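Taking it in order: structure first as C-alpha cells, then the write-up.
The model shown is predicted, which means the values in this text are computed figures rather than measured ones.
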2 protein chains.
Amino acid sequence: MVGMEQHGEALWSIGELAAATGVTVRALHYYDSIGLLRATVRTAAGHRRYTEQDLRRLYCIRTLRSLGVPLGDIATALDGAGPGSLQRLLLRQLAALDDQALQLKQLQRTIRELLERISSHGHAEPAYFMTVLERMTMFGNYFTEDQRRELDERRAGLGQEAMEESRTEWAGLVEEGLRQVDAGVPAGSPEATDLVQRWDELGSRFHSSEGTKAAARTMWNENSAELSKALPWTAQQMQALVAHLQAARQHS
Amino acid sequence: MVGMEQHGEALWSIGELAAATGVTVRALHYYDSIGLLRATVRTAAGHRRYTEQDLRRLYCIRTLRSLGVPLGDIATALDGAGPGSLQRLLLRQLAALDDQALQLKQLQRTIRELLERISSHGHAEPAYFMTVLERMTMFGNYFTEDQRRELDERRAGLGQEAMEESRTEWAGLVEEGLRQVDAGVPAGSPEATDLVQRWDELGSRFHSSEGTKAAARTMWNENSAELSKALPWTAQQMQALVAHLQAARQHS
DNA sequence: GGTAGATCCTGACGCCGCGCCAGGTTCAAG
DNA sequence: CTTGAACCTGGCGCGGCGTCAGGATCTACC
C-alpha cells in the first residue's frame, strides 16, 4: 500500500482506491476533472494520492449516486450550505423517485393492455397505437396521480346515465369537428372556436376545482378511452381533427 | 395542407407532421438520419413529404418510445421479423420495467432509512454511508426480490439463538481478517483462502439452494446490517478488510 | 544500476436522444 | 418580385462514464 505509515497518515493511489471501493479508475479521473473529488495530494510526478477524508467523501458520493442523485446535486450538497442541505436533497430525491414509480406503474398497465389487445385480436392495428399514445401523453403531462384519483371519484359520482349522455354528446362533437375539417373551416373562424368551447365545457363536467384547462385534457382522455372500445373513425380522420382543434384552441 | 388531393393521397410536410403529432421537427430529422422513419417522398428541392403510412409508423414509434423502448429496438421490431416480434419486444420491456420498479422500491426504502437516521441522529456520519452503499451494491447486484424474500424467511426460521451465535462467529472472522491485514498476510496464502472459505461457510447457513456464491453475498449483507447497529471498526479498517477478502477470493 | 511489466498520466472519441444554434435554400402569399 | 416563414444540412452540447492511444513513471527483480 502506497504511502502507509508516512506522517502517520495512510495514502492510497488511485488504483488502490478503485479496487477497495469498486469505483473504476476512470470514474475517479472524471470526479477529479469536474472537481467533485480532487485528490488531496499529488506526487511530484503528478500521481494522485487520496487521503482517508477523500475515501469518506467517496463513500458519500457513491451512496448518493446509487440513489440516483446526479453528480451536480451531490457536489452542491457536500460543498454547499451546511446542515440540512443533505436532508433536503434526500427529500427531493425521494419525491422524484415517487414520481418515477407512478410513471412506471402507468407504463406497465399500458403495456399489459397492449399485450392483451394483441393476443386477443391477433395483432395491433396502428390506430390503436394512436389511442394509447394519446392517453399516455395527455395523462403523463397534465395529471398527477392525485388528480387522477379525483377524476375517477367524480366519474363514479356522476352515475351511469350521465356518463352515457356525455358520451353521446361527445360523439356529436367529434362528428361536427370532422364535418368542419372536411369543409375546410379555418381554425380562426367562429365555428371552430365555438366547437372548442363546447368541447371544453363538456370536459368541465368531469372536473370542477382545477378549471377548464385541465378539464379539456380530461376530455381528451375520455376521447381515447372511447376510441379504444370502438373505432368509428380512421387514423387519418382523427389526426386531422386533432390538428384542427389544436389550431382552433390557439386562435381562441 | 401540403400536397392534399394530389393523386388522392395526402402528404404532410415535416412541420405539419410535427404539429399534428407533437413530435418536434428535430426528432423527425433524427429519425430520418438514423433510418428509423424516412420520409417516403422528397420534393425536388429536398423537402420531406410524409405519407399516411409514415404517420402510422410514427404513432407506433412514439408509443413504444414513451413506453421506454430504445429506438434501436423499435427499428428492429418494426422492420425485422414479422409476427410476434412486437409481442416479444413488449414482454421484454415489461420485464425490464418490473426490474426497474423493484430497484426503485429498494432506493426509496434506503432513502427513508437514511432520512430517519439523520433526523434521529442529528446528522449522518460517513461510516453509515459506507454501510448503506455496501448493502445496496451487494443487494442490487446479487439478489432478486424473490431471493430476498427467501432469505428473510430463512433467517426467521433460524431463530434468535442461532442468529446471535452466527453474529458472534462472524465478529470473530472479522477480527481475524483484520489481524491478517495488520500482519500483512498475502492474499494468496492458505491463511487468507481459509478465512474466505470459513466466511462463505458461515454465509451458507443463511442460504441453501442457491449455493455458496450467493451465500457469500448474503454474508456481506449481514455484515453491513451489523455495522449499521454498532460500529466497532473504523472505515479504514473495513476498507482494508474488504480489499483483502476480495483479493483472497480471486486467488482461491 | 538496468530492465521489464505494472501502474499512472492526459487527451480524445463514443454512447443515446435529441435541444439548440448557424448559415444557407426554398416555399407560399401578397 | 419581395418578404417572411418554413425547410435544409451540419455541428456542438448534455450526463456519466467506457474504452482506447501514446507516453511517463513506478516497483521489483537481477
Expressed as a whole number of angstroms, how long is the span from I61(A):CD1 to dC17(D):C1'? 14 Å
Let me know the distance between CG of L71(B) and P of dC15(C), rounded to the nearest Å. 14 Å
For a quick test of reading the model: is some side-chain N or O of T43(B) closer than 4.0 Å to OP1 or OP2 of dT26(C)? no
Is it true that R57(B) and Y31(B) share a donor-acceptor pair across their side chains at a distance under 3.5 Å? no
Side-chain contact check for Y31(A): nearest option of dG17(C), dC17(D), dC7(D) is dC17(D)
Thinking salt bridges, do D54(B) and R48(B) make one under a 4.0 Å N-O criterion? no
Nearest whole Å is fine: how far is dA6(D) C1' from L17(B) CG? 15 Å
Are the charged groups of D73(B) and R65(B) less than 4.0 angstrom apart, N to O? no
Any side-chain N or O of T24(A) less than 4.0 Å from the OP1 or OP2 oxygen of dC17(D)? no
Mind checking if I34(A) touches a base, just sugar-phosphate, or nothing, with heavy atoms under 4.0 Å? nothing
In terms of heavy-atom contacts, V23(B) and A27(B) come closest through CG1-CB, 3.7 Å
Rounded to the nearest Å, what distance is computed from the CG atom of residue L28(B) to the P atom of nucleotide dA6(D)? 15 Å
Rounded to the nearest Å, what distance is computed from the CG atom of residue L36(A) to the C1' atom of nucleotide dG15(D)? 13 Å
Using a strict cut-off of less than 4.0 Å between a Lys/Arg side-chain nitrogen and an Asp/Glu carboxylate oxygen, indicate whether R109(A) and E113(A) qualify as a salt bridge. no
Would you mind reporting whether W12(A) and L55(A) have side-chain heavy atoms less than 4.5 Å apart? yes
In whole angstroms, how far is the C1' atom of dC7(D) from the CD atom of E16(B)? 12 Å
Grab the N/O contacts between the protein and nucleotides 8-12 of chain D below 3.5 Å, and write none if there aren't any.
unit_1: dC8(D); atom_1: OP1; unit_2: R48(B); atom_2: N; d: 2.9
unit_1: dC8(D); atom_1: OP1; unit_2: R48(B); atom_2: NH1; d: 2.7
unit_1: dC8(D); atom_1: OP2; unit_2: H29(B); atom_2: NE2; d: 2.8
unit_1: dC8(D); atom_1: OP2; unit_2: R48(B); atom_2: NH1; d: 3.3
unit_1: dC8(D); atom_1: O5'; unit_2: R48(B); atom_2: NH1; d: 3.3
unit_1: dT9(D); atom_1: OP1; unit_2: R42(B); atom_2: NH1; d: 3.3
unit_1: dT9(D); atom_1: OP2; unit_2: R48(B); atom_2: NH1; d: 3.3
unit_1: dT9(D); atom_1: OP2; unit_2: R48(B); atom_2: NH2; d: 2.8
unit_1: dG11(D); atom_1: O6; unit_2: R26(B); atom_2: NH2; d: 3.4

With sequence neighbours left out, write down each residue that passes side chain to side chain donor-acceptor pair (under 3.5 Å) with Q93(B), or none if nothing qualifies. none
Atom-to-atom span, CG of D32(A) to C1' of dG11(C) - whole angstrom: 15 Å
Can you see if the side chain of S13(A) gets near the phosphate of dT7(C) - specifically, an N or O under 4.0 Å from OP1 or OP2? no
